[in-house]
Structure formats: C-alpha cells, structure tokens
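Here the structure is a predicted model, which means the values were calculated and not measured. Note that ligands are numbered from 1 as they come in the structure, with each ligand's atoms numbered from 1 the same way.
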Amino acid sequence: MGKFVYSMCGMCAVRCPVRVEVEDGRVKWIEGNPHVVGIEGSLCAKGAAAISFEYDSERVQTPLIRDGARGCGKWRTASWDEALNYIAEKLKTVQAQYGKRAVALTDRSGPYTDLTKSFLKAIGSPNYFDHDDTCAKNVNMACQSLFGYGRGETGYDYGGAKHIVLVGRNIFESLQVKEVNNVLNAMEKGAKLTYVDVRATTTAAKADNFYRIRPGTDYAFLLGLIHEIIVKGYYDADFVAKNCSGFDELKQFIDPYTPEWAEMACEIAAAKIRDLAAQLNEAKPKVIFHGGWMFARYYDSFYVSRMLYLLHALLGGVETKGGFIIAKGPGDCGRKGLQSLGKNIPEVEEKIVDAAMKGKSMGTGHLVNCYKAMKTGEPYPIRALICYRHDIMTSMPDPEGQKKYLDHLDLLVTIDVNYSDVAWHSDVILPETTYLERSNIICTQKGLKPQFAIRRQAVAPLYDAKPAWEIFTLLAGKMGVGQYFPYKSIGDMWRVQLEGTGVSLEDFDAKGVVGLCKDALFQEPGNLKFKTPSGKIELVSQNLTKNNFPSFKPYANPKKPAPGHFRLIFGRSPAQTHGQSQNNLYLNEILPVNTLWINSKEAEKIGVQHGDKVKITAPDGMYSGTLAAHVTPFIHPEAVFMLHGFGNDIPLKTRSFGKGVRDSKFETGMVEAIDPVGGGIAYLECFVKVEKA
Ligand SMILES: Nc1nc2c(c(=O)[nH]1)N[C@H]1C(S)=C(S)[C@@H](COP(=O)(O)OP(=O)(O)OC[C@H]3O[C@@H](n4cnc5c(=O)[nH]c(N)nc54)[C@H](O)[C@@H]3O)O[C@H]1N2
Ligand SMILES: Nc1nc2c(c(=O)[nH]1)N[C@H]1C(S)=C(S)[C@@H](COP(=O)(O)OP(=O)(O)OC[C@H]3O[C@@H](n4cnc5c(=O)[nH]c(N)nc54)[C@H](O)[C@@H]3O)O[C@H]1N2
Ligand code: SF4
Ligand SMILES: [Mo]
C-alpha cells in the first residue's frame with residue numbers, strides 16, 4: 001500500500017475533497033475523501049481521469065513567450081526568471097503610463113481567491129474579475145436581492161427534503177458529487193423530484209414529474225405556479241408575515257398570471273401546474289427549488305431565479321430542515337476565520353472599472369464591463385490582463401469577436417495547466433503544476449457545518465511548472481512589492497492563514513478537513529435575520545428599487561425562431577468539464593465529439609435523419625460548422641442542443657484537435673449580450689440556421 005495524501009480534486013471547479021494514494025512517487029489511485037459526509041469515497045469520471053491528465057505530455061510544460069503575432073501559435077520556451085521578468089516589466093510600464101488600475105486579473109472564483117486578490121491588492125489595482133458573468137451571476141444577484149446573501153453563501157438541506165424542484169438544473173449530469181449523492185439519498189427516502197427542461201436529460205429520466213417547457217419561458221411557468229400557491233392559500237402566511245416584506249405587491253402583481261395563462265406561454269398544462277402546487281403544499285416547508293447554477297442564459301433569467309428563490313419564502317422553507325439554508329461560516333460557531341494574506345496590504349483607493357459605469361446591471365466585477373473598458377478606454381483604460389485558471393476565450397461568447405477587445409491590451413498573460421484558447425492567444429503562458437503536484441492555500445467551506453479544507457501536494461512536478469502560490473509570490477517580488485509576499489513556502493502562507501483560529505496544520509493530517517462545529521447550525525426559527533437593508537426577505541427589494549429595476553417584471557414572450565432556424569442551447573456531459581478536458585486520454589475515449597440534438601419532426605422537415613451531417617450557421621452567417629445529427633423526440637422543436645467545449649483548434653492537443661464544434665463560435669456579436677439586471681451573459685438568445693450538409 002502507498003501513502004495517502006488529502007487533497008481537493010482539480011478536474012473541475014467543484015473541487016471535491018479527495019484522498020490520493022501515492023506509491024513510488026506516482027499516483028496510484030484517487031477516491032473521494034472517505035471522511036467527508038456525502039462524499040464517502042465517491043468520485044466522478046472526470047475526477048478519476050486526473051491520473052491520465054497527470055501523466056499526459058500534451059499539457060503546458062514550461063513557460064512560453066509568444067514568437068510572432070498574437071494567436072499565431074509560435075512560441076519560444078523561456079526560463080521562469082525570464083518569463084516573470086518579461087511580465088513584470090510590461091506590467092510596470094502599463095502602470096506607469098495608465099495608472100495602477102490599468103492591470104486587471106480574472107480568476108475562476110472559488111475557495112482560493114484570497115491569493116489572487118491579495119496579489120492584485122499588492123500591486124494596487126481594484127480590477128479583479130471572475131467567471132461568474134458566464135456562470136451564476138444572475139442567480140447570485142437574484143439571491144442577494146431577496147436575502148442579502150449571494151448564491152455561494154446559501155445552500156440546500158437535501159437530506160430532509162420531501163420535494164426537490166429543478167428548473168433547468170441538470171443535477172445528475174452537470175454535477176457535483178456531493179449534491180448528486182445527497183439528492184439520490186433524499187429520493188431513496190421518498191423525496192419527489194420535479195424537473196423542467198426543454199429536453200429530456202438523465203435528470204428528467206430520474207424525475208417523478210418531468211415537464212418539457214418552451215425555451216425561454218420558465219418565468220411564465222413560475223408565475224403560474226405562484227399564482228396557484230397564493231390563490232389556493234398554500235403559502236405559509238405566518239412565515240411570510242414575520243419574515244418577508246412586499247407580499248401585498250407580489251399578490252397584486254401575480255393576479256393576471258393564472259395557470260391557464262401560463263400554459264399558453266410555456267406549454268406546460270395548467271392542470272399539471274395546479275397539481276404540482278398541490279404536491280408542494282403537501283411537502284411544505286421541506287421543499288427545495290434549486291435557484292439555478294448556470295442559469296445566466298436568457299434576457300430574463302434574473303427574474304426566473306428570483307422567483308425560484310422566492311418560492312422558498314412563500315412555502316416557509318427557509319432555514320428549515322429539508323429547505324433552503326444560509327451557509328454558516330466560522331463566525332457562526334464562535335470561531336475565528338482564516339486570516340487573509342492581504343490583511344497587511346494597504347487598501348486600494350481606486351474603484352473597480354464598472355463602479356463608474358452608467359446604466360449597468362446590479363453589482364460590480366462584471367467581466368463584460370472589463371471588456372468594454374479595454375475597448376473604449378472608459379471610464380479608464382485596462383491595458384493588461386492576467387487570466388488565472390480562466391479560459392475567457394472558450395467561456396465568453398464569440399471568440400473572434402473577443403479579439404477586437406483583447407487587441408487593445410499591451411499584455412495578456414495566462415496561467416494554466418492546458419493550452420487553453422486564451423493561453424494560445426496570450427503573450428506569455430505560465431504553466432501551473434497540476435493539482436496533484438501542488439498545495440494550495442487553506443480554504444473555508446461554509447455550510448450547515450462549516451469546515452476548513454486543505455489541498456496537499458501528492459507527487460513531484462513532472463515538468464517545469466510552478467504552483468500558484470509561488471508564481472504570485474515571485475511576481476510580487478519582481479513588481480517591487482515583495483514585502484507583502486514574504487513567503488518562502490506554502491507552509492509560511494498556511495501559518496499566516498491559521499493564526500488565531502485555534503486550528504493547527506497537524507489537525508488536517510487525519511482527514512484533510514477540520515470541522516468547526518459538531519451540530520448542523522440553523523438560525524433560531526422565530527428570529528431569522530437576513531443581510532438585506534431591512535433585515536427581512538425582500539420580495540420587493542430596496543436595492544433593486546434604488547437601481548431603478550422592478551422587483552417583479554411583467555412577462556414578455558421570447559422570440560420565435562424563423563423557419564429552418566433554431567435556438568442554440570447547450571449544456572454539459574458527466575464525462576467532460578467545459579472546454580478543458582476533451583483532450584484527456586480517458587475522457588476523450590468515453591466522449592470524443594459532440595452531436596446536434598434536433599427534434600424528430602423538425603429534422604424530417606429539412607430532410608435530416610439520425611446520424612446525418614448537418615451544417616449549422618451562426619446568426620450573422622460568418623461562421624458555420626458541421627456535426628452529426630442526434631434526431632430525437634425529446635427536445636423542444638424550437639431548439640437544437642450541443643454539448644459545450646468541443647471543437648478544439650489547437651494542434652498540440654492532438655486527441656481532440658478538429659473534433660466537434662464549439663458552441664461559442666455561433667454566438668457571434670454576443671460578447672455584450674447580457675441580462676440587463678443580473679448581468680449574466682444571455683447565451684441562449686442565439687439562433688442558428690440548420691440544414692443538411
Ligand atoms: N457557450 C458556452 N459558454 C459557456 C458555457 C457553456 O456551457 N456554453 N458554460 C459557462 C460556465 S457555467 C462556466 S463556469 C464557464 C467556465 O469557464 P472557465 O472557468 O474558463 O472553464 P474551466 O474549464 O473551469 O477552466 C478554465 C481554465 O482553467 C484551466 N485549469 C484547469 N485546472 C487548472 C489548474 O490546476 N491550474 C490552472 N492555472 N489552470 C487550470 C483549464 O485548463 C481551463 O483553461 O464557461 C461558461 N461559458
Ligand atoms: N460534468 C460536468 N459537471 C459540471 C460542469 C462540467 O463542466 N461538467 N460544470 C459545472 C458548472 S461550472 C456549472 S455552472 C454547472 C451547470 O449546471 P446546470 O445549470 O445544470 O447547467 P447546464 O448543463 O448547462 O444546463 C442545464 C439545462 O438547461 C436546459 N435548458 C436550456 N434552455 C432552457 C429553458 O429555457 N428552460 C429550462 N427549464 N431549461 C433549459 C438545457 O437543456 C440543459 O439540460 O455544472 C457544473 N457541473
Ligand atoms: S465533480 Fe468530479 S471533476 Fe469536479 S471536483 Fe468533483 S470529482 Fe472532481
Ligand atoms: Mo459554471
């Protein structure tokens with residue numbers, strides 16, 4: 001038997017706790033951390049494929065500096081010293097000419113951002129962005145508008161739920177291991193599952209109620225459902241009176257939106273909506289309405305998510321067993337939280353670029369606003385961008401269109417383990433060690449039982465790569481702010497983080513996680529407190545009103561596609577992570593290419609049979625691609641569907657090169673297409689032409 005090392009999986013951004021078995025310096029086996037409730041050994045296919053990624057030579061092996069025009073794919077290898085000097089000199093020049101704030105950093109948000117945020121603070125820029133505009137921004141903003149907490153500060157107590165409602169949340173394919181286990185356990189104990197999607201997915205196959213909906217009409221469905229819940233008196237009047245503000249306004253607003261009206265808009269029968277409301281009434285308050293994850297898709301998704309969250313309040317399922325919960329942190333159990341690495345760095349006085357933008361959506365830190373500032377220089381220029389663990393060119397729409405923004409940069413740097421699309425377009429690529437080859441800063445995992453978790457290095461790096469903690473420490477030194485990053489090892493950072501917490505490094509040895517309290521923490525039922533301006537659940541939100549957005553938006557029907565055209569929708573497979581894993585030896589074997597789902601009757605109209613090649617053309621006609629058709633009755637006729645992330649153009653990734661097509665290339669002209677309130681990219685407002693190839 002080898003030695004065991006506790007870590008956190010790095011094959012997707014969920015970062016499940018894992019235990020790695022190492023023998024003779026090689027990774028022998030990876031499994032879910034057996035000590036973590038809800039994980040208990042389980043791992044998904046992508047997590048298991050970390051071994052093939054570790055020993056893959058088709059990943060970035062050494063620092064590279066561009067040798068030719070941006071994106072031409074010509075590189076010269078560089079030593080770390082040379083690459084970091086190159087970056088530091090360019091950053092200093094940009095800051096001297098345009099101010100410290102002209103350097104931005106974008107990150108894949110999550111538990112480790114204290115490092116990157118502290119680095120940016122040290123070099124004096126407020127311009128920190130993350131991936132959330134492309135992911136859960138609408139959901140995040142919707143959650144905040146009601147409870148004052150962002151999506152990540154909340155959760156669901158699946159274990160005690162009696163009914164789980166998922167609207168466009170494909171929980172069994174777009175997965176997190178713990179969540180899948182928790183939902184399956186709840187279902188084994190009798191919880192019902194209701195699922196709403198425009199196509200039948202694995203989640204639909206497991207659901208008690210599956211409703212196929214017309215694309216883009218979830219808001220109508222939810223308005224009809226809320227109408228029924230209010231009119232039938234299914235709501236928890238006591239809970240609402242005690243904890244919510246704005247119920248009368250909601251009641252008045254909802255009046256015209258009967259289930260019969262909803263049926264006309266969303267194509268789910270009024271009788272089914274009424275029946276669902278009755279089922280929820282039976283199960284309340286132990287009902288979960290997932291607020292959505294990547295719900296940021298249509299122009300009105302903020303309001304869809306808002307209504308999903310609001311339903312918990314109506315049925316009294318907030319801070320209850322089996323309902324929606326506010327995640328608790330160290331402070332909630334009388335413990336001290338981790339110290340920030342940036343605690344002694346002076347605050348940055350300048351404001352983030354979108355703080356000064358007019359007519360913007362809720363919140364700041366929208367990557368799309370960083371793009372706008374690059375292009376226009378307003379409200380001030382952004383001239384250098386560091387992309388850490390974030391492939392903006394795969395994840396934002398329209399990669400060709402994006403170049404028109406990125407062209408304005410004097411420096412584009414990517415820190416990645418793969419040749420990502422943005423790495424390929426960068427001036428410098430810095431290879432990070434894989435998660436198995438590195439340690440990260442300690443992180444806090446909030447929840448009903450908060451804990452600290454650690455990712456420890458399992459094996460030595462195979463190539464000339466470095467861990468993030470070291471890259472940012474070295475770069476801070478070269479930028480002349482080394483006094484704020486005085487670390488010689490990750491252990492030095494860990495010691496600073498743990499100061500005063502009462503937790504020592506050795507405490508992580510046994511299980512890789514350190515629990516901060518014994519029992520699940522719920523707020524006292526009669527005395528719930530929220531972080532909204534009023535302290536209540538704001539059905540009518542003061543912050544929305546202040547920003548001139550309505551709390552309840554009148555329903556508007558989505559556009560219908562022209563004949564021969566379809567709404568392009570996308571999603572995930574359990575065997576791939578976004579655009580980063582298609583070249584993985586194992587995962588490529590399981591799923592090498594995407595197909596285009598098309599409704600059987602629509603396929604017949606254009607003479608396409610299952611397996612035929614179809615040509616798909618972008619709305620402006622400037623891009624087209626070919627895929628095999630997956631002809632099925634299980635998708636709404638207005639939509640076609642493809643898996644996200646295929647269509648790799650980078651020849652160094654030989655297994656995935658040229659296989660499939662990339663959804664974002666069809667999203668032409670959509671870099672700035674956002675939900676006006678939540679700010680999430682409205683990817684699904686994209687219509688493509690489909691014909692037999
Ligand atoms: N058209 C379309 N666009 C989408 C989506 C879609 O379905 N369709 N999905 C959206 C969603 S929900 C999201 S969250 C975003 C995701 O967009 P991203 O956050 O960009 O995607 P990821 O695949 O998580 O990884 C980003 C980069 O991190 C790199 N990486 C992986 N591990 C490591 C590591 O250990 N260190 C470093 N330094 N880098 C690493 C990967 O190689 C990849 O290049 O895309 C969004 N955009
Ligand atoms: N295996 C795997 N798991 C992952 C990821 C991964 O890359 N791979 N990424 C993780 C990340 S970052 C995220 S954000 C989550 C995303 O998790 P989810 O939010 O569940 O995301 P998707 O799979 O993109 O989409 C869910 C469904 O929305 C449906 N849909 C499209 N239009 C409509 C509509 O108008 N109404 C309704 N009701 N449904 C519609 C699509 O058909 C699709 O099945 O997954 C996470 N888990
Ligand atoms: S969901 Fe799978 S790939 Fe993602 S972190 Fe967990 S085990 Fe790893
Ligand atoms: Mo996401």
Short side-chain to backbone donor-acceptor contact, Thr113 and Ser109, under 3.5 Å: no

Identity and separation of the nearest protein heavy atom to atom 32 (N) of ligand 2: Tyr298 OH, 2.9 Å

Ring centroid separation His366 to Phe129 under 6.0 Å: no

Flag side-chain contact, heavy atom, 4.5 Å: Leu311 against Ile226: yes

Ring centres under 6.0 angstrom apart (Phe666, Tyr623): yes

Atom 15 (C) of ligand 1 - nearest protein heavy atom and its distance: Thr134 OG1, 3.5 Å

N-O pairing of Glu685 and Arg567 below 4.0 Å: yes

Atom 8 (Fe) of ligand 3: the protein heavy-atom neighbour that sits closest, reported with distance to 0.1 Å: Cys9 SG, 2.3 Å

Cys12 near ligand 2 by a heavy-atom separation under 4.0 Å: no

Geometric N/O contact Gly571 with ligand 1, under 3.5 angstrom: no

Protein heavy atom at shortest distance from atom 8 (N) of ligand 2: Gln576 O, 2.7 Å

Identity of the nearest option to atom 36 (N) of ligand 2, non-hydrogen atoms only, from Val14, Leu643, Asp132, Asp218: Asp218

Short N or O distance, Ser573 and ligand 2, threshold 3.5 Å exclusive: yes

Side chain, backbone, both or neither: His644 near ligand 1, heavy atoms under 4.0 Å: side chain

Exam field: side chain Asn584 to backbone Ala49, donor-acceptor pair closer than 3.5 Å: yes

Shortest protein heavy-atom distance from atom 37 (C) of ligand 1, along with the residue and atom involved: Glu432 OE1, 3.3 Å

Heavy atom of the protein closest to atom 30 (N) of ligand 2 (residue, atom name, distance): Asp197 OD1, 3.6 Å

Gly216 N/O under 3.5 Å from ligand 2 N/O: yes

Nearest-neighbour protein heavy atom for atom 35 (O) of ligand 1, which is reported as residue plus atom name and distance: Arg438 NH1, 2.9 Å

Asp663 N/O under 3.5 Å from ligand 1 N/O: yes

Protein contact to atom 7 (O) of ligand 2 [nearest heavy atom, distance to 0.1 Å]: His578 N, 2.9 Å

Part of Met8 with heavy atoms under 4.0 Å of ligand 3, whether side chain, backbone, both or neither: neither

Protein contact to atom 14 (S) of ligand 2 [nearest heavy atom, distance to 0.1 Å]: Cys135 SG, 3.3 Å

Protein contact of atom 4 (Fe) of ligand 3 - nearest heavy atom, named by residue and atom, plus distance: Cys12 SG, 2.3 Å

Phe289 ring center within less than 6.0 Å of Phe324 ring center: no

Lys/Arg cation over aromatic Phe641: Arg199, 6.0 Å, 45° cone: yes

Nearest-option assignment for atom 13 (C) of ligand 2, heavy atoms, candidates Phe172, Trp293, Tyr211: Trp293

Aromatic plane relationship, His644 with Phe570 - under 30° parallel, 30 to 60° tilted, over 60° perpendicular: tilted

Proximal ligand 2 atoms for Lys46, defined as those under 4.0 Å from one of its heavy atoms: 1 (N), 2 (C), 3 (N), 8 (N)

Check: Glu638 and Pro215 side chains under 4.5 Å, non-hydrogen atoms: yes

Side-chain H-bond candidate by donor/acceptor type, Ser301 with Asn138, under 3.5 Å: no

Val196-ligand 2 polar pair, N/O distance under 3.5 Å: yes

Min N/O separation Arg572 to ligand 2 under 3.5 Å: yes

Glu667, portion touching ligand 1 at heavy-atom distance under 4.0 Å: side chain

Ser174, portion touching ligand 2 at heavy-atom distance under 4.0 Å: both

Protein contact to atom 39 (N) of ligand 1 [nearest heavy atom, distance to 0.1 Å]: Arg389 CG, 3.2 Å

contact_flag Glu173 ligand 2 heavy-atom lt 4.0 Å: yes

Test: Arg297 cationic atom under 6.0 Å from Tyr683 six-membered ring centre, within 45° of axis: no

Ring geometry between Tyr195 and Phe210 (parallel below 30°, tilted from 30 to 60°, perpendicular above 60°): parallel

Nearest non-hydrogen protein atom, atom 24 (O) of ligand 1: Arg108 NH1, 2.7 Å

Shortest protein heavy-atom distance from atom 6 (Fe) of ligand 3, along with the residue and atom involved: Cys16 SG, 2.3 Å

Ligand 2 N/O within reach of Leu175 N/O, cut-off under 3.5 Å: yes

Within 45° cone and under 6.0 Å: Arg59 NZ/CZ vs Phe53 ring: yes

Distance filter under 4.0 Å to Leu43 heavy atoms, resulting ligand 3 atoms: 7 (S)

Nearest non-hydrogen protein atom, atom 26 (C) of ligand 2: Gly168 O, 3.2 Å

Winner among Thr433, Asp133, Asp416 once heavy atoms are compared against atom 43 (C) of ligand 1: Asp416

Protein contact to atom 17 (O) of ligand 1 [nearest heavy atom, distance to 0.1 Å]: Ser395 CB, 3.2 Å

Sub-3.5 Å N/O-N/O distance, Thr217 and ligand 2: no

Top protein contact for atom 33 (C) of ligand 1, by heavy-atom distance: Val417 CG2, 3.5 Å

Under 4.0 Å to a heavy atom of Met11 - the qualifying atoms of ligand 3, by number: 3 (S)

Under 3.5 Å: N/O of Asp391 near N/O of ligand 1: yes

Arg169, any N or O under 3.5 Å of ligand 2 N or O: yes

Arg297 to ligand 2, any heavy atom closer than 4.0 Å: yes

Atom 2 (Fe) of ligand 3 - nearest protein heavy atom and its distance: Cys44 SG, 2.3 Å

Min heavy-atom dist Ala13 to ligand 2 below 4.0 Å: no

Protein heavy-atom partner closest to atom 23 (O) of ligand 1 - residue, atom, separation in Å: Gln580 NE2, 2.9 Å

Nearest protein heavy atom with distance in Å, relative to atom 31 (C) of ligand 2: Leu684 CD1, 3.8 Å

Residue portion contacting ligand 1 (non-hydrogen atoms closer than 4.0 Å) for Glu437: neither

Protein heavy-atom partner closest to atom 19 (O) of ligand 2 - residue, atom, separation in Å: Met294 N, 3.1 Å

